[in-house]
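Let me begin by presenting the structure, written as structure tokens, before commenting on it.
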Amino acid sequence: MALVSINPADGRVLAEYPEMEDAAIRQAIEEGHRAFLEWRRTDFAHRADLMRKAAAILRGEAAHFASLMAYEMGKPVRDGRAEAGKCAAGCEYYAEHARAFLAPEPVATEARSSFVAFNPLGVVLAVMPWNFPFWQVFRFAAPALMAGNAGLLKHAGNVQGCAAAIEDVFLRAGFPPGLFRNLPVTGSRVGRILEDARVRAVTLTGSVEAGRSIAAKAGSLLKKSVMELGGSDAYLILEDADLESAAAICAKSRLINSGQSCIAAKRFLVVEPVRARFEKLFTEAMAAFTTGDPAREETMLGPLARRDLRDELQRQVDGSIAKGARPLCGGRIPEGPGAFYPPTVLTDVKPGMPAYEEELFGPVAAVIPVRDEADAVRVANDSRFGLGAAVFTRDPARGERIASAELEAGNCFVNALVQSDPRLPFGGVKDSGYGRELSAYGIREFVNIKTVYAA
Ligand code: NAP
């Protein structure tokens, strides 16, 4: 079976990639394992040197990588360049800090010497989604390789050009051949790859369904797994919020990547006293984003990545309106080619509606009226997801209290847009998955935390 890249702006086929056969996959695993056996003995300075070279390639060729992303999944080129820059920053961050994050930790016992050492695990498989086709991969690969592991990438079917380009970045940076390999395969081969004894762990970023399936497989094989899954982030707009600023941040967060981000704001919990004013400001801010060709410099909002994803979004919008949600703007598929969808605001969203219960992976905002702070917290936590959340209030102590103690999510922000940052751990709870990426926590996911006790 071939993997097909289709330009979502016009529906045309860009390229077809033949799927890698089982024998070639086994060979890639073997080469990865052999590369690992040598790589694990290299020092941090050497690894950091290569990682900085990868960062330089990412920065130097950001425009090319942005154009690949635009053609394969519809990301506006400005955002694609920023994504390549973020990958470079992630590589540099781990080049600088990996040694300290993995330095042996002495522990006082009665032994002559006792300490904790951090050893790499071996070949780690990464199953990745198309929405941030570079950043999702680099935020796994930079810490995993700096820790001494090898990486195998199973990327999403529609971004195989990006996947091949990423493998090429590592090769040109001077990483040993085989240490980081792209496997052009469909999800159906992932189970068998994991069964190979030389593959020691798996990380998946993607949907809850994919997560359940891969986590179950990894569990049956007793292999370490990290799951970064969906989200339905709640943004709480309290009565003392700066509404102008909140509306602008909320619109930006909902529309990032055409709304196709796990940590996009998806539910807007607005307390009754400020509801009318917020809805007006927010709808204006959302409607100001216009869609366009992602390859053009001025475009802020591209198409969705695939037409089937747009059809699914329309089903969720229609299902919510049929149950009483009111559209304040958007809500209909436009005429013309491509997978475009307009910024949409639904209000009066209630339990039982798709916009309340499900993740909306596109530019559709669900406004859920709430009575007060307690009600806002209750509704925020009334979700099977727990990835990110944000609180808007002019009282910083109130915001920090709610963010730190009340919200059931892995990434909680105050008066700001939820985003990933190499310095901060990233991950979720509940159906949003488990394990953490980024920061010191992320690099310690794929290591053997080893006790050394010398009497
Ligand atoms: P997806 O359908 O789950 O695909 C993600 C990856 O998993 C793809 O490489 C896909 O391969 C593979 N896959 C899917 N089902 C599989 C299975 N049963 N066995 C093995 N591999 C399988 O997700 P998506 O639609 O591409 O991405 C959107 C989802 O990802 C959203 O829910 C979003 O919230 C989530 N996401 C989460 C994070 C986070 O950090 N928490 C970040 C970004 C996105 P194929 O393409 O070949 O099917």
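Remember, it's 1-based here, ligands and their atoms both numbered in the order they're listed. Note: hydrogens, waters and symmetry copies are ignored here, and every other heavy atom, side chains too, is used. What you see is a predicted model, and the numbers here were worked out from it, not measured in a lab.
Counting heavy atoms closer than 4.0 Å to ligand 1, residue Leu309 contributes nothing at all. Only side-chain heavy atoms of Asn131 come within less than 4.0 Å of ligand 1; its backbone N, CA, C and O stay farther off. Proximity of Arg139 to ligand 1, defined as any heavy-atom pair under 4.0 Å, is confined to the side chain (atoms from C-beta onward).
There is no side-chain donor-acceptor pair under 3.5 Å between Tyr17 and Ser5. Counted by atom type alone, Ser232 and Glu358 present zero donor-acceptor pairs between their side chains at under 3.5 Å. Ser258 and Tyr341 share no donor-acceptor pair across their side chains, judged by distance under 3.5 Å alone. In this model, no donor atom of one side chain and acceptor atom of the other lie less than 3.5 Å apart for Glu228 and Thr203. For Ser225 and Lys217, the side-chain atoms include no donor-acceptor pair closer than 3.5 Å.
Summary of contacts: the protein heavy atom closest to atom 21 (N) of ligand 1 is Gly187 CA, 3.5 Å. Annotation: atom 36 (N) of ligand 1 to nearest protein heavy atom, Cys262 CB, 3.5 Å. Closest to atom 7 (O) of ligand 1, if we only count protein heavy atoms, is Val127 CG1, 3.3 Å. Protein heavy atom nearest atom 5 (C) of ligand 1, with residue, atom name and distance: Thr205 O, 3.7 Å. Scanning the protein heavy atoms around atom 27 (O) of ligand 1, the nearest turns out to be Pro129 CB, 3.7 Å. Atom 14 (C) of ligand 1 has as its closest protein heavy atom Ala210 CB, 3.5 Å. Summary of contacts: the protein heavy atom closest to atom 28 (C) of ligand 1 is Phe361 CE2, 3.6 Å.
Interface of Gly157 with ligand 1, defined as ligand atoms under 4.0 Å from a residue heavy atom, comprises 46 (O), 47 (O). Which parts of ligand 1 touch Ser213 is read off a 4.0 Å heavy-atom cut-off, strictly below it: atoms 18 (N). Shown in contact with Phe426 at under 4.0 Å from a heavy atom are these atoms of ligand 1, numbered in order with element: 40 (O). Against a heavy-atom cut-off of under 4.0 Å, Gln136 is close to the following atoms of ligand 1: 42 (C), 43 (C). Near His155, the atoms of ligand 1 lying under 4.0 angstrom from a non-hydrogen atom of the residue are 9 (O). Below 4.0 Å from some heavy atom of Glu228 lie the following atoms of ligand 1, by number and element: 37 (C), 38 (C), 39 (C), 40 (O), 41 (N).
Of the N or O atoms in Leu229, one or more lie within a sub-3.5 Å distance of an N or O in ligand 1. Ligand 1 has an N or O atom lying under 3.5 Å from an N or O atom of Glu359, backbone or side chain. Residue-to-ligand polar distances place Lys154 within reach of ligand 1: an N/O pair is separated by less than 3.5 Å. Between Trp130 and ligand 1, at least one N/O pair is under 3.5 Å apart. Considering both main-chain and side-chain atoms, Met128 comes within under 3.5 Å of ligand 1 through a nitrogen or oxygen pair. Looking at Ile214 next to ligand 1, no N or O pair under 3.5 Å apart turns up.
The nearest pair of heavy atoms linking Leu183 to Ile25 is CD1-CG2, 4.4 Å.
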- Message: With salt bridge (Lys or Arg N to Asp or Glu O under 4.0 Å) as the criterion, how do Arg52 and Glu92 come out once you've worked through the C-alpha distance, each side chain's angles and the decisive distance to 0.1 Å?
- Response: CA-CA 6 Å; Arg52 288 197 179 95; Glu92 287 160 353; over 6 Å; no

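By heavy-atom distance, the residue among Ser207, Pro133, Gly206 lying nearest atom 3 (O) of ligand 1 is Ser207.
Of the possible donor and acceptor atoms, none in the side chain of Glu31 sits under 3.5 Å from a partner among the backbone N and O of Pro177.
Under the 4.0 Å distance rule, the nearest protein heavy atom to atom 19 (N) of ligand 1 falls inside the cut-off. At a distance under 4.0 Å, no protein heavy atom can be found next to atom 48 (O) of ligand 1.
Cation-pi geometry between Lys75 and Phe132 is met: the NZ or CZ atom falls under 6.0 Å from the ring centre, inside 45° of the normal. Under the 6.0 Å distance and 45° angle rule, Arg444 does not count as a cation-pi partner of Phe101.
Below 30°, between 30° and 60°, or above 60°: for Phe282 and Phe278 the angle between ring planes is below 30°, a parallel geometry.
Two rings, from Phe170 and Phe138, have their centers less than 6.0 Å apart.
Proximity of Phe132 to ligand 1 is not established, as no heavy-atom distance is less than 4.0 Å. Within the 4.0 Å heavy-atom cutoff, Arg189 does not count among the residues contacting ligand 1.
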